[in-house]
Amino acid sequence: MAWNEPGGNGNNHDPWSGGGDNRGKRGGGNDQGPPDLDEAMRKLQDRLGGIFGGGKKRGGFGGGDGRGKGSSSGFFVVLVVLAALFWAGMGFYTVDQQERGIVLRLGKYHDTVQPGLQWNPPLVDDVVKVNTTRIRTYDHRSLMLTADENIVDVDMTVQYVVSDPMQFALKVRDPGDSLAQSSESALRHVVGTSEMHSILTEGRDTLALQVQARLQRYMENYTTGLSISKVNIKNAQAPRQVQDAFDDVIKAREDEQRAKNEAETYANGVVPEARGRAQRLTEEASAYREEVVAKATGEASRFKALLTEYQKAPDVTRERLYIDTLQEVLANTGKVMVDVEGSNNMMYLPLDRLAEKQPARDSSGRAVRLDENTMRQITDQVLEETRQRTQTTSSGLREGR
């Protein structure tokens, strides 16, 4: 007979029980069966029901059916709570200090978030991170036609950053491609309006500034969100086929410039010197003119003063002029010829010999060379004696007559 066959005197011979009809009871006799899962689920349901504000009454239409429905609904609530926590946890993200976050809500631009820990509802918002501090580089090189119909090979580097992350991420499909095409256009426009000599020599800095300004206007018009930091013209040269000829031309221009510099250096040294000599001659001429004018003015003033004195005393003035003239003349000669009035005799006075016969002596008795003042005094003395003798002789001749 089976263990659960009816009619067995009310005894269910459960192989997991210790005996009797204690199936489904805990703690009775020697019951060592597994735990009741329905009871555990019911307790969890009661706890969740208390948390969410209610719960189902136990019992109902039969204990077995009520316990099955409560356990199913409680398990569903747990799954919903866990899914909600997992969904909320997926919304946390971090934006680095160098980045900005572009928030798209259901595919439409919503906001731009700053660096730090952020949260957005997942599956609703989508965040695009854009680096706004990294300096990006674009290199471009091509052959171009100049304004004087020459071909140059220009190698250029463009440095740029993202200034508007929203425009960079949403406005243009490929900002890098837009930058490449704009760089080509800006460079060709500026090179096409410049001459080859300027591009190859001193005009590179100006060329870079003009390309940068024009390229920045293009980026603003296209709303790419890019800001051009700097444009460098790394190299500008003629095509390889004619590079040797252009090198010779550049060398000739350098020689020309060097010759000009040497000529300017020579001119800067000669011209100031010539101007200095001319100024010196001008000053000397002015000084000579002032000297002559002053001397003539003085002579005229002296002559007027002498004329006044002559008009007052003609004889005295005439004699004084005569004596002064003789003194001035005889002071420069060692011989004097004296013509006595009324006589055919001429007196000869060797003044230098007279001075040699009577040399001056110092305290020790040695001869001393006479200076100019001493010779002048001797000359004046001799002239005075000669004049007196001449007057005496003239007076005697007049008396004899």
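Heads up: numbering here begins at 1 and tracks the sequence.
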Kindly indicate, with the supporting measurements, whether the criterion side chain to side chain contact (heavy atoms under 4.5 Å, CB included) is fulfilled by Arg136 and Gln159. CA-CA 6 Å; Arg136 309 162 194 258; Gln159 297 178 354; over 6 Å; no
Does a side-chain heavy-atom distance below 4.5 Å link [X] with [Y]?
X: Ser142; Y: Glu184; answer: yes
X: Val158; Y: Ile228; answer: yes
X: Lys234; Y: Asp139; answer: yes
X: Leu170; Y: Leu104; answer: yes

Applying side-chain contact (heavy atoms from CB on, under 4.5 Å), name anything that partners [X], two or more places apart in sequence or on another chain.
X: Glu284; value: Arg280, Leu281
X: Glu195; value: Asp148
X: Asp205; value: none
X: Arg173; value: none

Report all side-chain donor-acceptor pairs from residues 88-97 shorter than 3.5 Å, counting only partners two or more places apart or in another chain.
| residue | atom | partner | partner atom | Å |
| --- | --- | --- | --- | --- |
| Tyr93 | OH | Asn120 | OD1 | 2.4 |

For the CG atom of Leu187 and the NE2 atom of His140, what is their distance to the nearest 0.5 Å?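 The CG atom of Leu187 sits 5.5 Å away from the NE2 atom of His140.
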When rounded to the nearest 0.5 angstrom, what is the spacing between CH2 in Trp119 and CG in Asp125?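 One gets 8.0 Å once the value is rounded to the nearest 0.5 Å.
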Less than 3.5 Å apart, which donor and acceptor atoms pair up between the side chains of residues 285-298 and the rest of the protein, not counting sequence neighbours?
| residue | atom | partner | partner atom | Å |
| --- | --- | --- | --- | --- |
| Ser286 | OG | Thr282 | O | 2.9 |
| Thr297 | OG1 | Val293 | O | 2.6 |

I'd like to know if Lys251 pairs up with Asp248 as an ion pair, taking the criterion as any Lys NZ or Arg NE/NH1/NH2 lying under 4.0 Å from an Asp or Glu carboxylate oxygen. no
When you check the gap from the basic side-chain N to the acidic O, do Arg320 and Asp324 get nearer than 4.0 Å? yes
After noting the C-alpha distance and the side-chain angles of Ile199 and Arg204, does the key distance pass the side chain to side chain contact (heavy atoms under 4.5 Å, CB included) rule? CA-CA 6 Å; Ile199 297 174; Arg204 292 188 181 181; 5.7 Å; no
